[in-house]
Amino acid sequence: MKGVELLNWLDQRTGYRRLVNEALYENVPGGARWRYVWGSTLTFALAVQFITGVFLWMAYAPSSQTAWESVYFIQDRMRGGWLLRGLHHYMAQAMTVLLVLHLMQVVIDGAYKAPREVNFWFGLVLLQLVLALSLTGYLLPWDQKGFWATKVATSLAAIVPGIGPGLQKIIIGGPEYGHHTLTRFFALHAGALPALIVILLAGHIYLFRRHGLTAKEPRRRPDAAFWPDQVLRDAVACLAVLTTVLFLIVRRRLFSLDAPLGADLGAPADPSEPYSAARPEWYFLFLFQFLKGFPGESEIWGALIIPGLLLIGMFLMPFIGRWKLGHLFNIGFLCSLLGGAGLLTYEAVAADRHNVTYLAAARAAELEAQRARVLASRPAGIPPEGAVSLLHGDPLTQGPKLFARECASCHRYDGHDGLGGIPKDPQSAPDLKGFATRDWVAGLLNPEKIIMTNYFGGTRVRDATESKMVKFVQRDVANYTPEQQEKLKKVILAVSAEAQLRSELGADQRDAALIEEGRALLQNENEMRCVECHQFRKKDTTATAPDLTGYGSRNWLISFISDPAHPNFYGKRNDRMPAYLSKEILSAQEIGLIADWLRRGWYEPAVVTGNVAKRVR
Amino acid sequence: MSDTSKVAPATGPEGVGGGRRDFFKKVFASVIGAILGLFPVGAGLTVFLDPLRRKAGTGGPIRVTTLEALPDDGVPRKFPVVATRVDAWNKFRSQRVGAVYLRRTKGNQIEAFNVVCPHAGCPVDFLPQEGHYLCPCHNSTFTVQGKIKDAGSPAARGLDSLAVEVRNRREVWVKFQNFEAGQAKKIPVT
């Protein structure tokens with residue numbers, strides 16, 4: 001009895017029973033139906049966004065040096081972070097779909113007609129607010145995708161006549177993207193927009209209750225209360241939404257055990273790395289595609305005027321619906337809008353699917369994103385200047401780009417320009433993949449291979465009359481006795497060992513004795529003729545060919561790239577290779593990145609499994 | 001909306017012969033509702049509780065100063081403690097992580113105290129005129145040896161002493177640690 005008394009006391013003070021009754025025993029004319037579930041699923045989706053959003057908020061840090069970093073930390077390092085972020089990310093997408101379904105149901109059932117006009121308008125405003133949430137939320141991880149896609153969206157603000165440039169500055173918090181872009185977008189995303197949505201949603205639900213549900217005729221059953229029949233249907237529909245979202249979160253893992261879980265996280269935003277795979281979220285793709293049809297200054301028609309007019313058309317639906325054929329017109333209008341958007345979305349997707357540039361950029365972006373997360377997980381942590389500096393100092397990321405820009409007009413890397421492309425000019429200098437490895441050195445000392453394009457074939461020293469090295473390999477080495485060939489193998493090991501490549505470290509340690517023999521042979525003029533031209537571990541001012549001391553090591557490569565015409569290398573006989581450092585073609589840091597990349601000297605995470613992986617965290 | 005459109009008895013509508021069916025519907029709806037709430041709240045709470053897994057720094061000895069900077073006059077002097085600090089995604093190589101009072105006596109004894117008051121965590125000041133430590137927040141006082149001076153002090157224990165060692169005959173190294181505030185026992189923060 002005590003409990004009942006307490007509840008009675010509470011009801012006297014608050015009147016909660018009436019509130020609960022009104023909520024649960026709302027009349028459903030014609031009984032519960034599946035077609036009434038959309039509003040409830042939207043309310044559920046919004047609730048999930050509020051809950052997950054607040055928890056994400058507790059770990060998110062909006063500034064250009066911490067946004068990506070904190071999202072990375074949530075995603076990869078905090079327990080359950082992938083699920084939390086995945087729920088928020090995919091529920092946002094589900095919400096867009098549910099909004100469209102809700103809108104369709106309202107229009108088709110004529111629920112926008114008198115006396116429900118105001119509520120229809122509330123709904124249309126809510127729709128736009130939810131889309132604004134999507135737009136602002138897309139930027140917050142501060143990854144390449146969100147950064148460049150949002151830049152496109154905010155650039156459109158600049159075309160508003162008269163106030164455009166000022167408007168854009170206000171939106172992004174200054175002339176360029178930075179801290180204040182994030183603080184503003186975050187305040188909108190987590191503060192202003194949700195507050196507006198709560199207020200409008202309260203009005204939306206109040207008006208819905210005031211006018212009651214718009215029954216679908218003919219009514220198949222007698223009226224019933226909301227609880228439990230309709231609630232159960234709503235709950236099942238919400239469960240279907242949640243299941244879909246959970247499936248999206250884990251879908252990649254279902255097919256591959258090392259695939260990522262949850263939402264994507266691109267590489268950290270980098271204004272110096274234009275991102276040609278930048279696309280808005282899929283539900284804005286139709287606008288993106290629509291804009292392609294408006295050349296030059298007519299863009300304002302595609303970006304503002306036509307979408308604005310169509311929106312006004314939707315706001316006018318309740319009035320149009322009063323005419324005899326108005327309702328049919330409204331349905332036709334909505335269907336053609338959605339059909340048109342669908343068609344444009346399809347066009348955009350289809351265009352990208354066959355666009356080689358886009359596909360390559362998307363693939364490169366994916367690799368860079370993975371790399372950024374690997375680098376961020378180093379025990380050394382992320383430096384205070386942000387994770388983008390990790391990519392800037394990473395040989396694996398920067399080496400190929402620098403090689404493609406400065407080296408690939410003559411050299412190749414595994415037959416391409418480092419990035420997988422084929423340069424315009426034909427290859428005219430060695431292929432540097434595996435430079436200074438045992439195989440590479442063996443190829444150089446092979447009478448057939450040395451004159452191929454992958455070694456000296458494209459250079460000035462391509463034949464025996466021009467090059468002592470080619471002459472030596474083709475006359476001497478070609479006629480080596482089996483015994484001499486055995487010695488040459490040891491010399492090859494010794495030369496390659498000078499590079500101290502990480503990839504050959506194990507083999508070099510195993511063959512330490514052979515390498516020692518090889519060094520002795522190399523230094524002995526009576527055995528091998530190398531030191532006639534090369535220096536090796538002994539200063540020789542008469543040397544005319546590259547120094548073999550430390551051949552292929554980091555310092556050797558850096559010195560070589562810095563100035564190949566230095567007396568320690570090719571001297572006056574240098575072919576076309578410029579002195580990259582003194583001519584200021586590359587900085588010392590960039591040369592180091594190329595050298596480290598050619599030597600495969602980049603950060604690799606230690607291989608961890610099971611419990612060890614857990615401890616590393 | 002007319003009043004008759006609401007069916008609102010306090011116990012809900014009586015289904016005709018549907019009492020049992022309604023009961024199951026109610027159970028199902030409630031169970032599904034619980035599942036719907038479980039995922040966002042569960043995922044959120046898991047992430048919210050993640051800080052419980054994080055550990056404080058190792059507490060190994062840190063070089064704080066040299067004997068030259070610490071005269072043997074028995075007067076406490078405050079020194080910052082610079083160490084590597086992991087802060088979520090960042091690892092700072094040399095960051096000020098706290099401060100200690102060091103005091104060297106004629107007998108070449110060195111004492112070290114964490115500057116944090118064991119009562120509620122404010123940093124204490126050493127007042128040279130009075131010759132004692134005063135916490136500016138709640139007026140706890142501590143003797144120069146770190147013991148509670150005034151029995152009315154709100155602090156439950158004296159200042160937290162830290163292990164000190166002199167290395168290479170001139171470097172002062174302190175095993176820097178923080179301790180839980182408000183308790184009579186000295187419990188390291190882990």
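Computation of the quantities below employed the complete heavy-atom set of this structure, encompassing side-chain atoms and omitting hydrogens, waters and symmetry-equivalent molecules. This one's a predicted model, so the numbers in the text were calculated from it and none came from an experiment.
Within 6.0 Å of the CD atom in B/E130, the count of heavy atoms belonging to other residues, nucleotides or ligands exceeds 12. Around CZ of B/R63, the count of heavy atoms belonging to other residues, nucleotides or ligands within 6.0 Å exceeds 12. The environment of B/K147 atom NZ is sparse: at most 12 non-hydrogen atoms of other residues, nucleotides or ligands sit within 6.0 angstrom. Heavy atoms from other residues, nucleotides or ligands lying under 6.0 Å from CZ of B/F179 number more than 12. Atom CH2 of A/W34 has more than 12 neighbouring heavy atoms from other residues, nucleotides or ligands inside a 6.0 Å radius. No more than 12 heavy atoms of other residues, nucleotides or ligands shown are found within 6.0 angstrom of CZ on A/R18. The neighbour count for B/F24 CZ, taken as heavy atoms of other residues, nucleotides or ligands under 6.0 Å away, does not exceed 12. Residue A/F226 places its CZ atom among more than 12 non-hydrogen atoms of other residues, nucleotides or ligands, all under 6.0 Å distant.
With a 4.5 angstrom heavy-atom cutoff, A/F44 touches chain B only via side-chain atoms. Only the backbone of A/P379 comes within contact range of chain B, with at least one heavy atom under 4.5 Å from a heavy atom of that chain. For A/P383, the part sitting under 4.5 Å from any heavy atom of chain B is the backbone (N, CA, C, O) and nothing else. Heavy atoms of A/I51 lying under 4.5 Å from chain B belong exclusively to its side chain. Both the backbone and the side chain of B/L45 come within contact range of chain A, each with at least one heavy atom under 4.5 Å from a heavy atom of that chain.
Ranked by heavy-atom pairs under 4.5 Å with chain A, the list B/A43, B/P51, B/G37 is led by B/A43. Per-residue counts of heavy-atom pairs under 4.5 Å with chain B were compared for A/V241, A/L246, A/I74; the largest is that of A/L246. Heavy-atom pairs under 4.5 Å with chain A peak, among B/I35, B/V86, B/D50, at B/D50. Contacts with chain B were tallied for A/A61, A/C238, A/P228, A/A376; A/P228 has the most, counting heavy-atom pairs under 4.5 Å. Your options are A/P115, A/S70, A/G81, and the one with the most heavy-atom pairs under 4.5 Å with chain B is A/S70. By number of non-hydrogen pairs under 4.5 angstrom with chain A, the leading residue of B/G33, B/G44, B/S30, B/G42 is B/G44.
Among all heavy-atom pairs drawn from A/I382 and B/N90, the shortest one is O-ND2, 2.6 Å. Closest of all the heavy-atom pairs between A/P384 and B/F92 is CG-CE2, 3.4 Å. When all heavy atoms of A/V231 and B/A29 are compared, the closest pair comes out as CG1-CB, 4.1 Å. Among all heavy-atom pairs drawn from A/T52 and B/P40, the shortest one is CG2-CB, 4.0 Å.
Annotation: the span from A/R79 atom CZ to B/L52 atom CG amounts to 9.5 Å, rounded to 0.5 Å.
Contact of the B/L36 side chain with the A/V48 side chain is not registered, since no non-hydrogen atoms from C-beta on lie closer than 4.5 Å. Contact check for B/T46 versus A/F55: no side-chain heavy atoms found under the 4.5 Å cut-off. For the pair A/R233/B/K25, no side-chain contact is recorded, criterion being any heavy-atom separation below 4.5 Å from C-beta on. Looking only at side-chain heavy atoms (C-beta outward), B/W89 and A/R77 stay at 4.5 Å or farther from each other.
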